[in-house]
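Numbering of residues begins at 1 and proceeds along the displayed sequence. Note that the structure is predicted; figures quoted are calculated from it, not measured. Every number for a ligand or one of its atoms is a count from 1 in the order of the listing.
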Amino acid sequence: MYVFKGSNDLQQYLRRLRSKDASIGFVPTMGALHEGHLSLIRQSQADNQFTICSIFVNPTQFNETSDLEKYPRTPGNDIAMLCGARCDVLFLPTVAEVYPAGLDTEVDVDLGQLDRVLEGKFRPGHFAGVVQVVRRLLNLVQPDRLYMGQKDYQQFTIIREMIRQLKLPVEIIMAPIVREPDGLAMSSRNTRLSPADRLAAPIIYKTLREARQLSKTKTPAAVRSWALEQLQTAGLRPEYFELVDGETLQPISALGDSDSAVACTAVWAGNVRLIDNVVF
Ligand code: AMP
């Protein structure tokens, strides 16, 4: 596997690939890799001749400095995992490489209501940072296909909208959520859970699954109240639990109002914030 830290070196390598007409799949990550990330790499490998993974802990998407500082960083392990997965290239840029013109460069996309709900409501500025970094990384890598996880459902929806509005020549592909055997969605943040919170955390997925069942007979409002209570009773602090339309991300008042409902939740377990979702 090649590891590039500078974008000039990456560009030189990419020029060679393009001259061979090779298809390129791209998996952007923030590192502390786990099986969920590797599933994206494998999907890209199945669809493309070359797979590029990036690891960049993007400062502009953290609305709290302490979260940025506490974000796990395991570069040695990440490189070993990517080599084991036979990833072709790892792009490991510095902040200056990604943001040569400074951190406050904005991307001109109108997200409408997409970034005002769910995560957007609780993490102001988060999606502006995500849009900014993915735009920049797409610019540098210019892949044929971009792989992102359903785990960050709202992020996927927003990046798909950015690609559509900017007419970027890249296909975006959603990969399913990879879970621990007890149902907890894999996340780099899971390593920060205390033993007690780790034991409690699988209730998140259990509640999402049961909500899907309950929604067949109860209104979204009733399901939401039930779910919030379940999570609280388990000792977790839910920030939101919403049944939304899978395209617009707007809350739905009846299941029949939406072709593709999604239940999305964000929950604090101790000082770790976990998100998860289930598509109905
Ligand atoms: P992150 O490093 O958290 O920014 O995640 C990088 C990519 O991996 C994003 O597209 C995530 O949605 C995806 N991802 C994170 N966790 C999982 C998971 N458990 N299963 C599948 N994809 C995931």
Atom 11 (C) of ligand 1 [closest protein heavy-atom partner, distance rounded to 0.1 Å]: D152 OD2, 3.1 Å
Under a 4.0 angstrom heavy-atom cut-off, which atoms of ligand 1 come close to P176? 20 (N), 21 (C)
What's the shortest distance from atom 3 (O) of ligand 1 to any protein heavy atom, and which residue and atom give it? Y71 OH, 3.8 Å
Find all atoms of ligand 1 within a distance of less than 4.0 Å from any non-hydrogen atom belonging to P28, and give their numbers and elements. 6 (C), 7 (C)
For ligand 1, which atoms have a heavy atom of M186 less than 4.0 angstrom away? 16 (N), 17 (C), 18 (C), 19 (N)
Using distance alone, decide if ligand 1 has a nitrogen or oxygen within less than 3.5 Å of any nitrogen or oxygen in G149. yes
Residues that E64 engages under salt bridge (charged side-chain N to carboxylate O under 4.0 Å, His left out), provided they are two or more places apart: none
Atom 20 (N) of ligand 1 [closest protein heavy-atom partner, distance rounded to 0.1 Å]: V178 N, 2.9 Å
Numbered atoms of ligand 1 (with element) below 4.0 Å of T29, judged on heavy atoms: 2 (O), 6 (C)
Can you name the atoms of ligand 1, numbered from 1 with element, that are less than 4.0 Å from a heavy atom of M148? 10 (O)
Proximity to ligand 1 by part of H37, non-hydrogen separation under 4.0 Å: side chain
Pick one of side chain, backbone, both or neither for how H34 approaches ligand 1, counting any non-hydrogen atom pair under 4.0 Å. side chain
Short side-chain to backbone donor-acceptor contact, E161 and L111, under 3.5 Å: no
In terms of atom number and element, which parts of ligand 1 are under 4.0 angstrom from non-hydrogen atoms of G36? 18 (C), 20 (N), 21 (C), 22 (N)
Would you say ligand 1 has an N or O under 3.5 Å from any N or O of M30? yes
